[in-house]
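Protein chains get the first letters and strands the later ones, always in sequence-line order, with residue 1 at the start of each.
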Protein chains: 2
Amino acid sequence: MNKKQLIAQLSGSLNLSKADAERTFDTITNTILDALKGDDSVKIAGFGTYKVAKRKARVGRNPRTGEQIQIAASQKVKFLPAKALKEVFNK
Amino acid sequence: MNKKQLIAQLSGSLNLSKADAERTFDTITNTILDALKGDDSVKIAGFGTYKVAKRKARVGRNPRTGEQIQIAASQKVKFLPAKALKEVFNK
DNA sequence: TTACTATATGCAAAAACTGCATACCCATTT
DNA sequence: AAATGGGTATGCAGTTTTTGCATATAGTAA
């Protein structure tokens with residue numbers, strides 16, 4: 001499922017136009033992103049937690065050439081599924 | 001940020017009551033979950049992709065006793081941040 | 001208050017990460 | 001509707017990172 005299909009379905013369930021459904025959806029993702037930018041984590045009970053994980057610089061390797069490479073520190077968004085979410089997929 | 005705070009903020013941005021904001025939010029997460037249950041992945045352009053990842057069975061350990069334990073195969077929801085999302089946090 | 005979530009422990013094995021080329025799928029534009 | 005551009009998936013190896021086990025406690029949320 002891609003974003004377009006998701007929006008179409010939400011448009012139905014929420015009784016909104018597709019444009020409004022998309023606006024609503026974008027507002028939510030942007031709110032989550034803004035919170036994460038503020039170095040926060042976003043916990044959503046029953047769904048999961050979004051966290052910004054800091055990754056240290058380290059030595060990697062180009063798998064094609066085998067050559068060693070210095071990898072810079074970086075950050076990435078991690079999603080930790082809530083307990084309820086795991087159970088859905090393991091029962 | 002927790003769910004309550006997120007809902008409060010969305011209530012403002014979306015010009016909805018908190019109850020409606022929460023209903024809207026829950027509808028979205030449920031829609032995503034349902035899609036994932038159907039063995040699908042959910043791709044959201046500019047945000048990321050939710051996927052169900054299969055995890056193999058393996059040998060674990062009770063950290064309290066040190067005893068070895070067989071861990072069954074399982075599934076978990078993975079979130080892969082989109083390129084745009086990574087850039088936000090690395091610039 | 002009741003429910004969920006984080007933490008903390010040791011350790012084995014799975015999985016992620018890196019560069020990069022190709023194939024592919026999606027979205028936007030003409 | 002078709003074309004184009006861009007993000008994303010895949011595969012490769014080897015090292016780093018994460019995962020997840022049991023369980024109690026502490027903290028937070030509904």
TODO: Summarise protein proximity over nucleotides 17-30 of chain D in one line of letters, 5' to 3': B for base, S for sugar-phosphate only, - for none, counting protein heavy atoms closer than 4.0 Å.
DONE: SSBSBBB-----SS
- [ ] Determine the contact category for B:Gly46: base if any of its heavy atoms lies under 4.0 Å from a base atom, sugar-phosphate if only primed atoms, P, OP1 or OP2 are that close, otherwise nothing.
- [x]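 Counting heavy atoms under 4.0 Å across all strands, no contact is made by B:Gly46.
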Open item on the list: Just to be sure I understand the rule, does A:Ala82 reach a base, reach only the sugar-phosphate, or reach nothing, if contact means heavy atoms closer than 4.0 Å?
Closed with: sugar-phosphate
What side-chain donor-acceptor pairs closer than 3.5 Å can you find for residues 74-81 of chain A, not counting sequence neighbours?
none

Looking at [X] and [Y], what are the two nearest heavy atoms and their distance?
X       : Y       : result
B:Thr27 : A:Ser13 : CG2-CB, 3.7 Å
B:Gly66 : B:Arg61 : O-NH1, 3.0 Å
A:Lys37 : B:Val88 : CE-CG1, 3.3 Å

TODO: Could you list by number each residue of residues 19-35 of chain A showing a heavy-atom separation from DNA chain D of less than 4.0 Å, or answer none if no residue does?
DONE: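 DNA chain D contact set from residues 19-35 of chain A: none.
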Side chains of residues 44-59 of chain B: which donor-acceptor partners sit under 3.5 Å, not counting sequence neighbours?
unit_1	atom_1	unit_2	atom_2	d
B:Tyr50	OH	A:Tyr50	OH	2.1

Task: Rounded distance (nearest 0.5 Å) linking atom CD1 of B:Ile28 with atom CG of B:Leu33 - done: 12.0 Å
- [ ] Any chance you could measure A:Asn62, atom CG, to A:Glu67, atom CD, to the nearest 0.5 Å?
- [x] 6.0 Å
- [ ] Identify the 5'-most and 3'-most nucleotides of DNA chain C with at least one atom closer than 4.0 Å to a non-hydrogen atom of chain B.
- [x]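 Footprint of chain B along DNA chain C, 5' to 3': C:dT9 to C:dA16.
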- [ ] For the residue pair B:Val42 and B:Leu36, establish whether any side-chain heavy-atom pair is separated by less than 4.5 Å.
- [x] yes
Open item on the list: A side-chain contact here means heavy atoms from C-beta on lying under 4.5 Å apart; do A:Ile32 and B:Leu6 qualify?
Closed with: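 Side-chain contact under 4.5 Å: yes.
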Open item on the list: Can you pull out every side-chain hydrogen bond (donor to acceptor under 3.5 Å, both in side chains) where at least one residue sits in residues 3-12 of chain B? Sequence neighbours excluded, please.
Closed with: B:Lys3-B:Asp26
